[in-house]
Each structure stands twice: as C-alpha cells, then as structure tokens.
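Here the structure is a predicted model, which is why all the values come from computation and not from measurement.
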Amino acid sequence: MNTFTPIIAKALNLNERNVEKTLELLNQGCTIPFIARYRKESTGGLDEVQIGNISDWNDRLCEMSKRKETICKTIEELGKMTQELKTRIDNCWNATELEDIYLPYKPKRRTRAQVAREQGLEPLANILMLQRERDPQSAAKRFVNGDSVTSVEQALQGAKDIIAENISENELTRQRLRNTFQREALISSKVVKAKADDEGASKFRDYFDFSEPLRRCSGNRLLAMRRGESEGFLRVKISVDDEQAIYRIKRQYIHGFGPCGKLLEEAVEDSYKRLLAPSIETEIAAASKQKADEEAIDVFAGNLRQLLLAAPLGQKRVMGVDPGIRTGCKVVCLDAQGNLLYHDVVYPFQPKGTRMQAMIKFRDIVEKFEIEAIAVGNGTASRETSDILKEAHYYKEGIGVYVVSEDGASIYSASKIARDEFPDEDVTVRGAVSIGRRLMDPLAELVKIDPKSIGVGQYQHDVDQSKLKKSLDTTVESCVNMVGVNLNTASQHLLTYVSGLGPALAKNIVDYRRENGAFASRSQLKKVPRLGANAYQQCAGFLRIPGAKNPLDNSAVHPESYHIVEQMAKDCGCTVAELINDKQRQKEIDLNKYVTEDIGMPTLTDIMHELEKPGRDPRAEIEEFEFASDVKEMEDLVVGMELPGIVTNITKFGVFVDIGVHQDGLVHISQLADHFVRSADEVVHLQQHVKVRVTDVDLQRRRISLSMRKKK
C-alpha cells in the first residue's frame, strides 16, 4: 500500500481502498477526467473534486517527505540526531508541527543567543532556568572572564538572550501562542496619513480605521486590506492582548517568586516581543492569506466553470457586434462554423453617424448574410446598440439579439492564437469575431483566453498565482471533457484541454486532419503521429465524430466498451444504430447480464444513459434577455423599482447584476433570498436572468444596492 494512503483517506474521510486505487491510476498517467468518467469501479465512484483532492494531498505529502529528508540530513550533520527525534520526524505529517520540531536545529544567522553561547554563557542560562540559585549575581560572577565577558550585567544579559531564544523555539510555547492567535487575534488596519487624500486611497476608505476578530474576517475583506497595504495606503496588523499572552508564557516557565524569577520575567517578555510574537504573527498572517486565497480561487474557479458551461446558441449564422460610440460599432458576420465572412464599422452615434443610418445598414447586413442571431458585447454603449439592433430587424422574426460578456476579448484579439487565426485582420475585427463566437459556443471560444483575463474573479491578482493557474486550468480541462469535443471542427487550442492530449498532440491532430481530411472514426486517431495507446485511451471517450459510421463514435461511450453495446444489440436482435433509436429495447435490457470482473454497474449505467441520447450536450438552452425599456442611466433609478438583470459576477459577499445602466449593482449575500444563504452560488449562477429590487443608489460613489428578497 502507498505510504500516504491512510493519511489521505483519514484527511478526506474516504475509503482507503478507493484512495489506493486512485493513486495507482494517477501514477499510471491517467487524467482526473478519465478516472472520474471511466474508472468508477476502481475508485468507488469518486468524482473529479474528490480525485483532485487526493492528487493535491499526494503532492503535498511528497513535498513534505522531501522536506523531512532535508531536515534529517541537517540534524545528522550537526551530530544531534537521536532515535527519538528521528521517530518524531518520521511520524509527523503536519507541516507546522514539523517546522516547530526542526526550529532549534535550523541554521540561522548569528543571533544574540548564539554570541552568548560562544561566550560560554549557556550553563548560566541553565542555572537561571532551574530557579534554584539564591544569588544570581554571584553565579554570574563565575562567568566573567575579563575578555569576552567583562561584567556581571553582560553575563546575565547573555544568559537571558539564550533563555529568550530557547523559549521562542519551544514547541509547546509556540503551539500555545499559536492557539491564542487563532482564537483571539484581531486584524486591524489604519490609513497611512500622508496618503489619506491620494486619489487611489478612496477605494480603501472602509478600512481607514478598521478592526475585527481575525477568525470572523472574510476572505474578501482580508484581501482588500492586504491590497491596500501593498499599494501603500494602509498599515495592517494582526495582534492579541500582549499582557495576557506574556502572562500565560510566564506561568509555563516561572515557578514561585525566587530571586531568578525577575530575570526570567525579563527573558520571557523579551522573547515574546522580539522573537515569538513577530514570528507567530507572520505565520498566522500567511495562514490567513492562504485561506483567503483558497476562498478567492474557489470562487473564481466556480464562476469560470459556470461561464464555460453557459448555454451555447449552436451552429447558426451570427453577426458579432463590438459596440463603440466615438469609434463606431465593429461588425462581423460569421457562418455556422464560425468562419469570418465579412466585417465593417457602423456608426450609430454622433458625430459620425445617426441612429437611422445605422438601422438601415444593420438591416442590409442581416439580410445579405442571412444572419440568424446577433451577439452584442456588454461594454460601452452595449445597451444603446442592442436597442438599435432590435428595432432594426423588428420585421424579421426569429433573429434574437443576445448580450454576451466581452471580458478578455481584447486579450484574445492581441494574442498569438488570434494572429494565427486572422493574420490579415486587425485587433478590432478579431475582438468582434470572439464576441460572435462566444454566442455560438462559449466554451470553444473562451478556452483561447487566459482564464485570469475573463474577469469573473475576486481579487485574482492578489492571490497565489501558481495555485490560481493550476485551479483554473483544471476547471477548463474539466469543462471541456464534460461537454466533449467535435474531433473534426475543434480548434487546436480546444483540443489541448482534452484528456491525455496537450499542445503537441493537439497540433498533430489538426495537422493530420488538414492533410487527410475529416476523421471517419475514433480508431483513426491511432494514425496520428506520436499519439500512442495510452494517449488514445485517455482522450478517445471525450472526442465526438457526428455522422460517423459507428454511432458510438459520437457518444461518451469509450471504445473499450463498444463490445458491450455490440453484445447488447446482438442479444436484442438488432444493430447498434437500431438499439440507440429504440428506447423500448433499451428499457428491456437486463444490465446484470453484462456485469464482469472489470465492468460493473456504474459503467453499464453510464452506457445506458448515453444510448438514450448519444452525444448530448449537458449545457442548458440559451435564452434571450431584455432590460427595462424606461431605465437606461443610474439617474433613472428609484428605490423600490423592480428590474430584470443578468448576473455578471459571483463573490463570497454577494453577486453583481447588470440592470442596463452602465454600472452593475450588488446584491449582498443577505439579500439573495428570504432564507439564510451560505454561498451565493447556491441561489444563482453566472449569466442567470434575475429580477431585482433597487434598495439604494449612491450616485457620488457610483454604487447600486439591490435585493432579490420578497418585498414585505
């Protein structure tokens, strides 16, 4: 059994066998989506989140194992390793506890205590710690040598320095103070007076004189304070009641009121103020920041998942519009496959154009290119442009006007991916193409953009960037494999995220497709250069081929399970295609007949779900949306108004909703429902159409407060 299996199983409250099998599959190079979808018998049906947690814990424990090797090597080189100490290190799997064990042996700069030890004052420190000496001054005289130690005062101070360092490195003392900080610490922030009136300081006004218990401080408030601190506007401190903390440490070390007690009191106070408190404060600050980072990353990943899995319009001829006032609206027309047919600039606003001229031009473009839907970016002039477009083609039924998020479109338009796709077009055309394609298939288009640029996060630039990237990449991979990918139309970038592929194999697939034409079957993938058996096993089930000779090639049924479906069809006296089209025959199949040592009921159940609707898209159907016609600016808002809106961002403290006035409003988490809401995504999802009520309008600060609770 893997050494880490029991530890991971206990930490995650999972079955040890399932954890062990999952680790085996991960070590064999299997991806998380593949394990979750096609190895349910081995893992006991663990989902992607659980498998991801197992992988993360395994990585963490591997790092800790390497750290232990370094620690043991250092202690052995010092000649201070004992069997008891070695056993403690071997059995320790808590990073904080491990560092506490190592601290007394850790190489450090030349401290005051180290100088005192070199002066031979450690025995005097031990004498004072025993607290039996009736005359510490006399004891100290024995250590005055006229050379390195020239006075009693110097000897006693050196001894106190040694005691202070020993106290600061004591495991029990550190853990007790750590517990005190965790229970009682306050986090406070003060404005830097010299910068209080600076332009950038206003956004941190809520934290100019702020204090609350650290354990109650939400992640978004902590990250806001830390950003204010990093930008030089705030001073942030984490502290406890110093007198109480020092008193508790004194109780640990000082016994009675002997003549050594006063010296020990001074050593304890020095240890606390100079060594212990700063060290633990730094540690607690890092831990609280890490927790806030994890919260923010979870929020970002959750929002990204919702955005990637937003409802697609599908393969229709689309007009993409990137709105603009002074520079005009960038317009592109795309065919049903997303290929660029035409681009132009329309000027609906003064001074270069008029509303009527724009309406006529929009109508002509829609008719000429047989446009079936219109995508409008949600940036500047989005509302005004949408109104013109709706009026322009009112006579033509069935053409919806959809507002789509344009976050990250400018990043895409200047990227290498966009330059490769449209080498002869400028960034404005590429951006409009991205807007149009996002309507057709949000997932296929958004994977081309760095997730951090999509704009659905919370303090994403303040969190651990490596952890953020890993989480977002995992989210993108999960979404791509959950939906599945059309092998014959997918871009190289989309294929990169398919289980088992990556950039090199994705490029090879596209090159093979270009040279040999469309793939006729999944098995043809084996002819792609460098795509070996393992990569084929990992990717095949997530790739679709609409219209393939074998209908299973357009389903989530893995090729390794084709023989099961073929046997089912044979037992029913029909072909696989007939079985897929005959729901009654499917209902009559007894799955127990097909259970084997390798294939269990979870896989068979998944197969039957696929046969019901092969290649089904798990995403919802798209809906058209319309803002309130009489509300277009913040000045039009009145407290009590009920308005339609679109959820644009979800945070820990609430959700932001676009109500069509060029400024999103905030629905605080307490205003999301009439019942207690622990997490906003329990109630709403990104791009959801909601009804909100205006509760406050602050024109000066450009803030709108909204509620989704029932009006009392």
Side-chain angles (χ1 to χ4, degrees), residues 2 20-43 46 48 51-52 54-55 58-59 62 417 420 444 447 470 473-474 476-546 548-566 596-599 603 606-607 610 615:
N2 188 306
E20 178 72 10
K21 289 293 184 182
T22 301
L23 289 173
E24 286 179 8
L25 290 167
L26 288 168
N27 290 332
Q28 290 167 13
C30 296
T31 67
I32 291 175
F34 175 80
I35 296 170
R37 182 69 177 80
Y38 297 113
R39 291 296 180 263
K40 292 180 179 178
E41 285 82 359
S42 294
T43 68
L46 298 181
E48 285 191 10
I51 296 168
I54 291 172
S55 179
N58 187 56
D59 292 344
C62 284
I417 298 169
D420 290 344
V447 294
K470 180 180 179 183
D473 285 348
T474 299
V476 175
E477 180 185 32
S478 170
C479 292
V480 168
N481 290 289
M482 175 186 173
V483 172
V485 171
N486 185 327
L487 180 57
N488 286 323
T489 61
S491 67
Q492 179 181 326
H493 206 72
L494 183 59
L495 287 168
T496 296
Y497 287 99
V498 172
S499 167
L501 294 183
L505 288 178
K507 181 179 185 302
N508 290 352
I509 288 174
V510 172
D511 290 344
Y512 182 89
R513 191 172 68 196
R514 188 182 300 115
E515 294 169 9
N516 299 279
F519 285 88
S521 67
R522 280 173 169 168
S523 59
Q524 197 178 342
L525 278 164
K526 296 175 182 178
K527 297 179 181 179
V528 173
R530 304 183 69 83
L531 200 154
N534 187 57
Y536 177 76
Q537 180 193 53
Q538 298 298 307
C539 75
F542 302 104
L543 296 169
R544 311 278 189 269
I545 306 178
K549 182 178 180 181
N550 186 340
L552 294 179
D553 280 347
N554 191 37
S555 74
V557 177
H558 197 283
E560 66 187 11
S561 298
Y562 281 9
H563 68 282
I564 299 172
V565 182
E566 290 163 359
T596 67
E597 192 174 313
D598 299 319
I599 305 297
T603 294
D606 284 347
I607 288 173
E610 267 308 299

**Study point:** Listed once per pair and sorted, the ring pair (Phe, Tyr, Trp, His ring centres under 6.0 Å) pairs that draw on residues 503-525, sequence neighbours left out
**Key:** Tyr512-Phe519
Examine distances only and state if a side-chain atom of [X] and a backbone atom of [Y] form a donor-acceptor pair shorter than 3.5 Å.
X      : Y      : answer
Asn488 : Ala518 : no
Asn58  : Ile54  : no
Ser478 : Thr474 : no
Glu610 : Val557 : no

Would you give the length of the straight line joining atom [atom1] of [X] to atom [atom2] of [Y], rounded to the nearest 0.5 angstrom?
X      : Y      : atom1 : atom2 : answer
Thr43  : Lys21  : OG1   : NZ    : 11.0 Å
Cys539 : Ile509 : SG    : CD1   : 6.0 Å
Ser561 : Ile599 : OG    : CD1   : 4.5 Å
Thr596 : Ile564 : OG1   : CD1   : 6.5 Å
Ile607 : Ser555 : CD1   : OG    : 9.0 Å
Glu48  : Ile51  : CD    : CD1   : 7.0 Å

Which heavy atom of [X] sits nearest a heavy atom of [Y], and at what distance?
X      : Y      : value
Ala548 : Ala520 : CB-O, 3.7 Å
Pro559 : Tyr536 : CG-OH, 3.6 Å
Arg37  : Ala556 : NH2-CB, 3.4 Å
Pro529 : Leu505 : O-CD2, 4.0 Å

Point to revise | Summary of salt bridge (charged side-chain N to carboxylate O under 4.0 Å, His left out) pairs that have at least one residue in residues 514-539, sequence neighbours excluded | key: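 Residue pairs passing salt bridge (charged side-chain N to carboxylate O under 4.0 Å, His left out), neighbours aside: Asp511-Arg514.
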For residues 492-503, which side-chain N or O atoms pair as donor and acceptor with protein atoms under 3.5 Å away, sequence neighbours left out?
unit_1	atom_1	unit_2	atom_2	d
His493	NE2	Val447	O	2.8
Thr496	OG1	Gln492	O	2.9
Ser499	OG	Thr31	OG1	2.5
Ser499	OG	Gln538	O	2.9

**Study point:** Set of ring-ring contact (aromatic ring centres under 6.0 Å, His included) partners for Phe34, sequence neighbours left out
**Key:** Tyr38, His558
Point to revise | By salt bridge (charged side-chain N to carboxylate O under 4.0 Å, His left out) - contacts of Glu477 (at least two apart) | key: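 Salt bridge (charged side-chain N to carboxylate O under 4.0 Å, His left out) check on Glu477 returns nothing, list empty.
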Practice item. Taking side-chain contact (heavy atoms from CB on, under 4.5 Å) as the test, write out the residues that go with Thr489, two or more places apart. Key: Asn486
For [X], give me all partners under side chain to side chain donor-acceptor pair (under 3.5 Å), at least two apart in sequence or on another chain.
X      : answer
Arg513 : none
Asn481 : none
Gln537 : none
Arg39  : Glu560

Point to revise | NZ/Lys40: more than 12 non-hydrogen atoms of other groups inside 6.0 Å | key: yes
Beyond-backbone contact of [X] with [Y], side-chain heavy atoms, under 4.5 angstrom:
X      : Y      : result
Ile545 : Gln524 : no
Leu25  : Gln28  : yes
Ile32  : Leu26  : yes

